[in-house]
Each structure stands twice: as structure tokens, then as C-alpha cells.
Novice: 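Submitted below is the structure of interest, expressed as C-alpha cells.
Atoms within a ligand are numbered from 1 in the order they appear, just like the ligands themselves.
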Amino acid sequence: MLDLNVFPSTFKWGTATAAYQIEGAAHEDGRGISIWDVFAYTPGNVKRGDSGDVACDHYHRYPEDLKLMRELGMNSYRLSLAWPRILPRGRGEVNLKGLDFYDRLIDEVLKNGIDPFVTLYHWDLPQALQQLGGWANRDTVSAFEEYTSVVVGLLGDRVKNWITHNEPWCAAFLGHGAGVHAPGLKDVGVSMQVAHHLLLSHGKAVQIIKNHNPEHKVGITLILGPSHAASDSPEDQAAAARHDAFLNTIYLDPLYGKGYPKVLFDHIPDLAPTVQDGDMETIATPTDFLGVNYYQRSILKHSEEGPFNFEGVRPPGPEFTFFDWEVYPQGLHEVLTRVHQDYAPKEIFITENGATFEDTLTEDGQVHDEQRRFYIERHLKAVQDAIQEGVPVQGYFAWSFLDNFEWAEGYEKRFGLVYVDYPTQNRYVKDSGKWYSQTVKKALGLVEV
Ligand code: IFM
């Protein structure tokens, strides 16, 4: 059973979103084009031809959205900034109207008594930088430094918690290896170089933020999950170990000063990234916390195909989300205890966790999403167990506050605690949102337990 007394009194209770997924206003007030605009406008890339052009229209509706967040009792909020709104060409000329939007947005967050956690990069690279090679080009690291300095200069008097990158695995591999995310490249070698540049830019950004104010807290958010072998055979065990390196330790190891995992790069030496002197030290610049996004585990068997020689096996179930991801809350506990034991981050925040199910809005404005409610409750229980075992988890951000643009899936997949009726842009709090709100209010002593 969930025992809210186990969660520290300083615990951050919130929800998470990302700029391209909710803001809309893609062509307003001088925002530059991002790689996701280009990717979404290219036929065949996103289901039904959806794009983030309008999304949840949060750009115009943010005051009412934040009022709702406050009414739900949240004490924190993880959001991201759109780099092309601030620097339309990636570097150089600053767009004052874009800066002004984030200035007002952060003031509104604070006005509602909510603590902002700001992610600098949630995948919307300015297209002008992509034209110069994007993250495969080492120069993009210095553009990210410039962007970080501009943002910290503007918001660093009010924002105290920073996340450099969201899920570099997705940006690097899904975007440059599998080609299912922007910019849609299919070159595994390039994806490894991109991973290195993302990590390098993370280290540089940590230094910029800490130079601005050493009291500020900085971390990075990784998508993590257990890689289990499909059998006891040495081949399947080795396949699972390679997958673990491909998904998890390729980021965790260098961030915590252990270099890139040998088990991966001994297997694909030709695809290893080019690393310059000092890079690994920069990547390992100490951080204050690790952000963990958890959705599912993977089960692997040996395969003769592909550079990594592993193949995913469908997990035994019995429960899957609308994305066909297995519901496996114990995997979150496994990730948390493993990260604590192997890397010992000072603090851990669950920066995303949630599920998509097929929601129906009833005529009286209800969404009875029992599965999502139960999903969140069981994952919170996994967090509770980890805390009881000494893992320093300091916050939980449900993904997501609102239904939103779910990348290549468009608007078909809904992850929100709040339902968005896209034609009217009306918001309806789902049953899961009402339950989470009550849980948070109880944890914060705002209602009787
Ligand atoms: O919607 C995404 C989010 O942008 C990054 N993490 C996973 C979520 C669900 O797929």
C-alpha cells in the first residue's frame, strides 16, 4: 500500500511537459523553425500528418493551465524551453518576444506557488543548426553553450533547478539511428557521435549554470529501463548486457566518470565516437541530481542481425499500454536501486513516468481512466519501496500534465492527467488526475488523510 509518510517532506510532486508537445504557436512572435517542424511536415513521418503547430495552445493558455495545476495541488512543474523561440537560428540574434514569453511563463509558475524545473533541450533543435550538421557537428555544442548562457541570464534569478537534456538516447538513437524521430537519419555511427556531443554539451551547460550560481541545482534526465535476458543462455545474457550498455550505461558511465562501456564499444569498435582530449572530464562534471524517466523494461535475445546483435522479445505481460509497452512497475524499483548502488547520484528525481491508454470523454466531461490511475499508484509504490531502502528520490513528475503531441504518434496517444479536447481546446481532469491530485494534497498536508 502507498504510505505517503515515507516520502520526504521536501518531496517535489508535479507533472512534466515539453515545449514542442504543448506550446503550439509554431509560427508566432519570431519563433524559428525546429527539426521537429521539418520532420512533422514531411509526409509519412507522423501519424495522420499531425504536427505541433497548435498542440495544446499552451502558448496562449498558460495562465489558465497553471491555475489548474495549482488547483490540483502540485508544488512543482517540469517544463522545457524551445531553443528556436529564443535563438531562431540557434545562435546569434536573440528573439526578444520569445524571451518575453518564457519570462512571463516562469513568473506565472511562481505566482501559483509552483517550483519550476526547466529542461533546456527536449529535442527541438533549431533547423538552422541542423543545416550545419546538427548534433553530429561538434560546433552545435558551442551553440548550446551560447543558448544556455542566454537562458540562464534571463531566468537564472528565478529558476533554481535545471535539466540540461531530456533523454539523449531518444535524441541520438531514435533521431539519427532508427530515423523515427527528427531529424530522421538512419546511421548508427552518426547516432553514437551525436550521443557524445549531447553529453559534452551537458557537461558544458552544467559548468555555465554553476558559474552563474553555485547554489542552483543541475542534472540531466535519462530514459532508463532494465535489460533482461530472454533465457539463461550465454548468448542471450550477452545480448542483454549489450542492450543495457546501448540504452543505459552509454550515458550513465561517462556521466559518473567511468568512460564509455567497453561491452558496447568492443562489439562495435568502428562505430565508437570521436572523443577529444578533456571531453570525458567535461562530461563527468559533477551534477546535483539525476533525472530518471521510466516507462518499461526490455527483454533481449541474441540475433545475427544488426550492429548490436540483440533483438527485443515481447515481455510476458499480462498488462500493456496503448503503446504496447508492458506495465512493469518493479522495473522502476530495479532502476532506482541499481543507479543508487552503481553511481550514487546525490539526489534522484523521477522526471517522467506515465502511460497512454485509450481515453473516452463522456458527455458530462469525465474520463474514467482507471488503468492510468492504477499505473501511477503502482509506480509510486515502487518509488516508496526504493526510498525505504535508502535511495534518495526527491521528486516525482507524472508524464504528462496535458494530453499532447506524442511525437511520431501525433495526437493519437494520450498521456495526460488532463484530457485535451483538441477541437475546442477545453481541458477535463481525468479520474487519474483527480486521484493524483488528492494523493499530492494528502502528502503535502493540504487535505485530511
Ligand atoms: O512524450 C514523451 C516525452 O517527450 C519523452 N519521454 C517519453 C514520453 C512518452 O513517450
Novice: Quick one: side-chain hydrogen bond (donor to acceptor under 3.5 Å, both in side chains) partners of W162, sequence neighbours excluded?
Specialist: H216
Novice: With a 6.0 Å cut-off on ring centres, are W169 and F246 close enough?
Specialist: yes
Novice: Is the distance between the ring centroids of F144 and H165 under 6.0 Å?
Specialist: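 Yes, ring centres under 6.0 Å apart.
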Novice: Taking side-chain hydrogen bond (donor to acceptor under 3.5 Å, both in side chains) as the definition, give me every residue that meets it alongside N45, ordered by chain and number, with sequence neighbours left out.
Specialist: none
Novice: Check salt bridge (Lys or Arg N to Asp or Glu O under 4.0 Å) between D187 and all other residues, then give those that pass, not counting sequence neighbours.
Specialist: none
Novice: Who are the residue neighbours of ligand 1 when the rule is a heavy atom under 4.0 Å from any of its atoms?
Specialist: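 Only Q21, H122, W123, N166, E167, Y295, W325, E352, W399, E406, W407, F415 have heavy atoms that fall under 4.0 Å of ligand 1, ordered by chain and number.
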Novice: Can you measure from CH2 (W123) to CH2 (W36) and round to the nearest 0.5 angstrom?
Specialist: 7.5 Å
